[in-house]
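These notes concern the structure reproduced below.
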Amino acid sequence: NMPRPIIIDCDPGLDDAIALAMALRSPELDVKAITTSAGNQTPEKTLHNALGLLTLMRREDIPVAAGAGGPLMRELVIADYVHGKTGMGNTHLPTPTLKPDPRGAIELIADLLRASPQPITLVVTGPMTNIALLLAQHAELKSRIERIVFMGGGMNAGNTTPVAEFNIFVDPEAAEMVLKSGVPLTMAGLNVTHQALVLPQDIERIRQIANPVAQAVAEMLDFYLPLYLSHPRGLPGAAMHDPCTIAWLLAPQLFTGVERWVGVETKGEYTAGMTVVDYFQQTGNAANVEVLTGINREGFIDLLAERVARY
Ligand code: RIB
Ligand code: CA
């Protein structure tokens with residue numbers, strides 16, 4: 001059947017890069033644009049990384065545009081301790097052969113939503129600043145958004161504070177606007193992404209794939225894995241946070257999930273950025289999010305390996 005039109009708003013970032021690698025040779029997906037946010041690194045670096053990744057993946061046909069320089073109301077916090085000073089670990093991307101779209105992220109997305117014969121799915125793998133601005137500045141286009149599939153949050157889980165996940169923590173106000181928007185939402189939070197683990201033997205499997213993208217993915221995983229193996233959380237592999245969004249679009253049968261109300265804490269002194277998942281339906285609030293709760297890890301790894309082998 002027809003490919004699904006999507007736009008990926010990301011902050012590359014090593015796992016963002018792997019999510020792009022899964023998406024950009026998948027005929028099930030028609031990637032209309034890549035937009036970039038500030039998060040894993042500064043807005044300049046995430047844009048540069050996105051341009052380099054599209055060059056590496058030979059998808060210079062896809063427009064790229066940068067969005068907001070930082071969160072709506074807070075100072076930008078970056079995750080250079082995870083993704084390194086370039087945001088790409090030790091991986092050197094090719095010099096970009098394409099230039100960013102002068103419209104910027106919000107207007108590029110708005111133009112694509114207006115022009116598309118069918119609603120477009122937004123995939124968000126960084127802080128939600130750009131999507132909040134899109135919804136605020138172009139509320140009339142809300143119905144042209146098929147769904148927002150986002151990596152962010154968690155249920156009683158945190159990786160930046162004891163209760164907050166990085167993407168939501170960076171811009172809680174933006175996340176609150178998106179979760180209150182009424183747009184259909186699918187959430188890949190830490191509860192599922194911490195099950196989507198790449199184990200050391202999985203990296204060796206990817207390293208056997210003889211193409212430049214697979215080799216770059218293996219190199220990114222080499223940088224990213226030790227952070228997880230040495231973390232007191234005690235995970236046996238590297239969490240593939242952002243790739244879960246693309247995997248869900250390509251193979252939803254790999255996942256389990258529940259429809260629940262989810263809110264975002266924006267005022268808490270200790271809890272800002274926490275996603276409050278009403279798992280036992282105690283609030284009486286209507287569900288607004290499909291919360292992914294489980295994944296078939298082996299099936300996910302097979303999908304990842306199979307898609308990066310297509311370059
Ligand atoms: O908490 C994990 C998320 O924060 C991922 O999207 C990662 O790329 C970082 O942006
Ligand atoms: Ca990300």
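Bear in mind the structure is a predicted one, so any value in this text is a computation, not a measurement. In each ligand, atom 1 is the first atom listed, and ligand 1 is the first ligand listed.
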Notebook entry, point to check: Is there a donor-acceptor contact under 3.5 Å linking the side chains of Thr186 and Glu290?
Noted result: yes
Margin query: What I'd like to find out is whether the side chain of Asp15 reaches to under 4.5 Å of the side chain of Met151, using heavy atoms alone.
Written below: no
Notebook entry, point to check: Between Arg144 and Ser116, do the side chains contain an N or O donor and an N or O acceptor separated by less than 3.5 Å?
Noted result: no
Check: Who's the nearest protein heavy-atom neighbour of atom 2 (C) of ligand 1, and how far?
Finding: Glu165 OE2, 3.3 Å
Next item on the list: Fit a plane to each ring of Tyr228 and His194, take the angle between them on a 0 to 90° scale, and name the class: parallel (under 30°), tilted (30 to 60°) or perpendicular (over 60°).
Entry: perpendicular
Note to self: Counting only heavy atoms closer than 4.0 Å, does ligand 1 sit against the backbone of Leu14, its side chain, both, or neither?
What the structure shows: neither
Checklist line | Interfacing atoms of ligand 1 (cut-off 4.0 Å, heavy-atom, Met151) | finding: 2 (C), 3 (C), 5 (C), 6 (O)
Item checked: Asn167: numbered ligand 1 atoms lying under 4.0 Å from its heavy atoms -> 3 (C), 4 (O), 5 (C), 6 (O), 9 (C), 10 (O)
Check: Does a side-chain heavy-atom distance below 4.5 Å link Leu24 with Leu54?
Finding: yes
Check: Which ligand 1 atoms, with their elements, are less than 4.0 angstrom from a heavy-atom of Asp16?
Finding: 8 (O)
Checklist line | Heavy-atom nearest neighbour in the protein, as seen from atom 9 (C) of ligand 1, with distance rounded to 0.1 Å | finding: Asn40 OD1, 3.1 Å
Check: Are any of the side-chain heavy atoms of Leu250 and Arg307 separated by less than 4.5 Å?
Finding: yes
Check: Should Lys45 and Asp80 be marked as a salt bridge (charged side-chain N to carboxylate O under 4.0 Å, His left out) after you check the CA-CA gap, both sets of side-chain angles, and the distance that decides it?
Finding: CA-CA 11 Å; Lys45 290 182 179 179; Asp80 48 352; over 6 Å; no
Check: Considering only heavy atoms of His241, which atoms of ligand 1 have at least one such atom less than 4.0 Å away?
Finding: 2 (C)
Margin query: One residue to check: Thr125. Relative to ligand 1, which of side chain, backbone, both or neither has a non-hydrogen atom less than 4.0 Å away?
Written below: backbone
Check: Is it true that the side chains of Asn130 and Thr35 contain a donor and an acceptor less than 3.5 Å apart?
Finding: no
Checklist line | Sub-4.5 Å side-chain heavy-atom contact between Leu113 and Leu134 | finding: yes
Margin query: I'd like to know if the side chain of Asp16 pairs up with that of Asn40 as donor and acceptor (distance under 3.5 Å, no hydrogens or angles considered).
Written below: yes
Notebook entry, point to check: To which protein heavy atom is atom 8 (O) of ligand 1 closest, and what is the distance rounded to 0.1 Å?
Noted result: Asp15 OD1, 2.5 Å
Item checked: Set of residues satisfying salt bridge (charged side-chain N to carboxylate O under 4.0 Å, His left out) with respect to Arg58, sequence neighbours excluded -> Glu60
Next item on the list: Check ligand 1 against Asp242 and write out every atom of the ligand that is under 4.0 Å from a heavy-atom position of the residue.
Entry: 5 (C), 6 (O), 7 (C), 8 (O)
Next item on the list: For the Ca ion (ligand 2), check which protein N, O or S atoms are under 3.0 Å away and list them.
Entry: Asp11 OD1, Asp16 OD1, Asp16 OD2, Thr125 O, Asp242 OD2
Note to self: Heavy-atom distances under 4.0 Å decide this one: backbone, side chain, both or neither, for Thr160 against ligand 1?
What the structure shows: neither
